[in-house]
2 protein chains.
Amino acid sequence: MPDIQDLDPRKAAILEAVVTEYIGTAQPVGSHHVAEAAGINVSSATIRSEMVALEREGYLVQPHTSAGRVPTDKGYRFFVDQLAEPGVLGPAQRHKVSRFFEQVHGEMEELLERTSGLLSDLTSYASVVVPPSHDAVVVRSVQLVGLGARVALLVAVLADGAVEKRAIELPEEIPDEVLAVASGRLQAAAQGHPLGSVHVADPSGDAAVDRVVSLAESALGDLECEAHDRIFVGGPSRLAAAFDAVDTVRAVLATLEQQLVVVSLLRDVLERGLSVAIGTEHGYEPLSACAVVVAPVSVDGQVGGAVGLLGPTRMNYPQALAAARVVGEQLGDRLRATLDAGPSARPVRETRPRRRARGRR
Amino acid sequence: MPDIQDLDPRKAAILEAVVTEYIGTAQPVGSHHVAEAAGINVSSATIRSEMVALEREGYLVQPHTSAGRVPTDKGYRFFVDQLAEPGVLGPAQRHKVSRFFEQVHGEMEELLERTSGLLSDLTSYASVVVPPSHDAVVVRSVQLVGLGARVALLVAVLADGAVEKRAIELPEEIPDEVLAVASGRLQAAAQGHPLGSVHVADPSGDAAVDRVVSLAESALGDLECEAHDRIFVGGPSRLAAAFDAVDTVRAVLATLEQQLVVVSLLRDVLERGLSVAIGTEHGYEPLSACAVVVAPVSVDGQVGGAVGLLGPTRMNYPQALAAARVVGEQLGDRLRATLDAGPSARPVRETRPRRRARGRR
DNA sequence: TCTGGCACTCGATTCTACCGAGTGCCAAGG
DNA sequence: CCTTGGCACTCGGTAGAATCGAGTGCCAGA
């Protein structure tokens, strides 16, 4: 792509006018409308000739001859990267956010669920919240609870307030007392360590206890991997409002149902250092009519989770970006607050110096 | 409504033909098509005159003069109550179900989530799973874990494998040791009792401990009430496929987002002794284009939860009913299995004799 | 280089005609 | 009395023609 650099300032202004107009009206915009836009002081004829250039360079397309122009993905990209000013939340929205994070109480899962609701309320797009993985988060408590004769539930409470659980099939019938012993040993070994690195050193006298402990140990390891595939989707009904083709709606909804896909989508986008992926930029076919806005959720400088917005490519990028950033930041702060206030060990803080989340653009 | 009783057998046959045809094709069906249907041996003229009668009585409507007929809600109702034969799952579907319940492992939340997926897979409608409330389920374990300096997390494991949790704001800074003592006292008092009726009898020597314990006690009571408002929605994208008006899709999706509404909808329907609510029969305006199929999930004869299907009024009722019933039953069995296999107390079984879930129609 | 003018395109809208599925009615036949 | 074939009629949907208008590309003149 040779022409990713700048555009003629006038072309840029025209492109900007087209994008903003189209975002507002969803109608192809013609040279006449552009000429009326603020900051443009040339006639429609001039604009027309600039538009053919813009079209040749791939920033605009005509749905059909003799219709107005519509931005391409590339056009939106240029707009987002070079033209749009940062965008701020309105006072009402800002108020909503701060009140939300003041009022919200309680427990992690609920917090995430409600955060996704907040985001989609603010923007009227569908939202996704991917919680940070628990890689570095230490265990606060582990417990084994007998459920059936040969089933036990492993419950781990992490320092960030998350509760992870997993059923364990026992190879034989284990009396409650043995479970209790195993539970105690696990608790002693796990407290203060991250999920993945729990290891009970020396064997107890009891072989049954040891068997249970080792099962639970590997289950803890599994938890670390599995935990972060639960995502929180907010306001899917907004999608139906955003698209008028019912097929598109179905395809997008179906994609949203596949949590793994969504998680890796957001992760991909973040890893490429982007905060916006437009149309086909992320390689996910069924979402080619969508734009995705992502903001990291970083806890102590470590990017763990993400919040995202999903809307039509003609979305209000500045506003969506602002909302995602603010909510992502606040959520991160909130999560860190829980972590930091811990009465005892806070190894994450010690091992990793605080670092500002690297902003982009 | 005077005319809820039976219909002329011939009228009934015609109505049945119209309904089945319309369910299949989504096109208004004319007298000619009906005449060709199996079991009808009269001419189209006769059918026409019967149809005017059916229309006068409210079972059919014409979208416009000189189009075929479409069933009304009342028409579907009659079909479901009097005409449709029970309906069975195909062998492939039956296989899917049984394999699912054999394979599914682990923990309650995941079980419910995946069950909703199963249901919507079987039927290609959107599904809802409302877990049984924990009224009668006894506590297997309770634990207090300190999170922040003045925040503790109350984690309760119930006999059915559910894990309920709630953050508690502490009025003062409580050292871990005090929490541990309180946790132990709670555990002793709660184990084997249902969530609502946990009471720690005699005070300890320590006032701080007692304060924490009483806070936790009331939190346990809250948990009982709150717990059942988390529902599991499967396959919302199916809705986009079922309706072609994008407005309808949006309205229905928006309703599905309000968990409380959905829960009370299903509850209402079940309480009225129905398993199907068609169109406006449930008073929920935005869902007037939908039919809801509900089946109870009963554990030990106690109806606690429900599974539901949400589709267009022209849904395949026999199949949907069969799927919902089977999955509801299996889910109930599954939940009871966890309960029954408990190594120690099983008070529910003792106090309530097993009773067959009363079938209807 | 910009601009106003102009011919041209082509989707959207409207109108007409027409087809055909479907109806209601009726008179004849069981 | 019920059924049936016949018949005129309705009216949505489709196809084609006419029209409208927003928008374009091009060009000559400032």
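Computed from a predicted structure; not experimentally measured. Hydrogens, waters and symmetry mates are skipped; everything else that's a heavy atom, side chains included, is used.
- In this structure, Phe78(B) and Tyr59(B) have perpendicular ring planes: the angle between them is above 60°, well past the 30° mark.
- Atoms CD (Glu50(B)) and C1' (dC25(C)) sit 16 Å apart, rounded to a whole Å.
- For residues 274-283 of chain A, every residue pair satisfying the salt bridge (Lys or Arg N to Asp or Glu O under 4.0 Å) rule, not counting sequence neighbours, is listed here: Arg77(A)-Glu281(A).
- When DNA chain D is scanned in the 5' to 3' direction for atoms under 4.0 Å from non-hydrogen atoms of chain B, the outermost contacting nucleotides are dT3(D) to dG12(D).
- Under the side-chain hydrogen bond (donor to acceptor under 3.5 Å, both in side chains) criterion, Ser31(A) pairs with Arg48(A), not counting sequence neighbours.
- Legend: residues meeting side chain to side chain contact (heavy atoms under 4.5 Å, CB included) with Ser264(A), ordered by chain and number and at least two apart, are Tyr284(A).
- At a threshold of 4.5 Å between non-hydrogen side-chain atoms, the residues Val252(B) and Leu287(B) count as touching.
- Listed by first and then second residue, the side chain to side chain donor-acceptor pair (under 3.5 Å) pairs that reach into residues 236-249 of chain B are Glu257(A)-Ser237(B), Asp121(B)-Arg238(B), sequence neighbours excluded.
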Short heteroatom pairs, N/O only, protein and nucleotides 28-30 of chain C, under 3.5 Å:
none

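- For the pair Gln62(B) CD and dA21(C) C1', the interatomic distance rounds to 12 Å; values are reported in whole Å.
- Residues satisfying the side chain to side chain contact (heavy atoms under 4.5 Å, CB included) test with Glu36(A), not counting sequence neighbours, are His32(A), His33(A).
- Between the NE2 atom of His32(A) and the P atom of dT3(C) there is a distance of 13 Å, given to the nearest Å.
- For dC2(C), one of the phosphate oxygens OP1 or OP2 lies less than 4.0 angstrom from a side-chain nitrogen or oxygen of Arg10(A).
- For the side chain to side chain contact (heavy atoms under 4.5 Å, CB included) test, no residue two or more places apart in sequence or in another chain qualifies with Ser66(B).
- Projected onto DNA chain D by closest heavy-atom contact, Ala45(A) and Ser43(B) fall at different nucleotides, the more 5' of which corresponds to Ser43(B).
- Applying the side chain to side chain contact (heavy atoms under 4.5 Å, CB included) test to Gln62(A) and every residue at least two apart in sequence or in another chain returns Glu55(A), Arg69(A).
- Evaluation of the side-chain hydrogen bond (donor to acceptor under 3.5 Å, both in side chains) rule for Ser49(B) yields no partner, not counting sequence neighbours.
- Contact annotation for Thr65(A): backbone-only contact, meaning every heavy-atom pair under 4.0 Å involves sugar-phosphate atoms and none involves a base.
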Protein N or O to nucleotides 15-20 of chain C N or O, pairs below 3.5 Å:
none

Could you list the donor-acceptor pairs under 3.5 angstrom formed by side chains in residues 8-25 of chain A, with sequence neighbours left out?
from     : atom 1 : to       : atom 2 : distance (Å)
Asp8(A)  : OD1    : Arg10(A) : N      : 3.2
Arg10(A) : NE     : Glu50(A) : OE2    : 2.9
Arg10(A) : NH2    : Glu50(A) : OE2    : 2.9
Thr20(A) : OG1    : Glu16(A) : O      : 2.8
Thr20(A) : OG1    : Ala17(A) : O      : 3.1
Thr25(A) : OG1    : Glu21(A) : O      : 3.1
Thr25(A) : OG1    : Gln27(A) : N      : 3.1

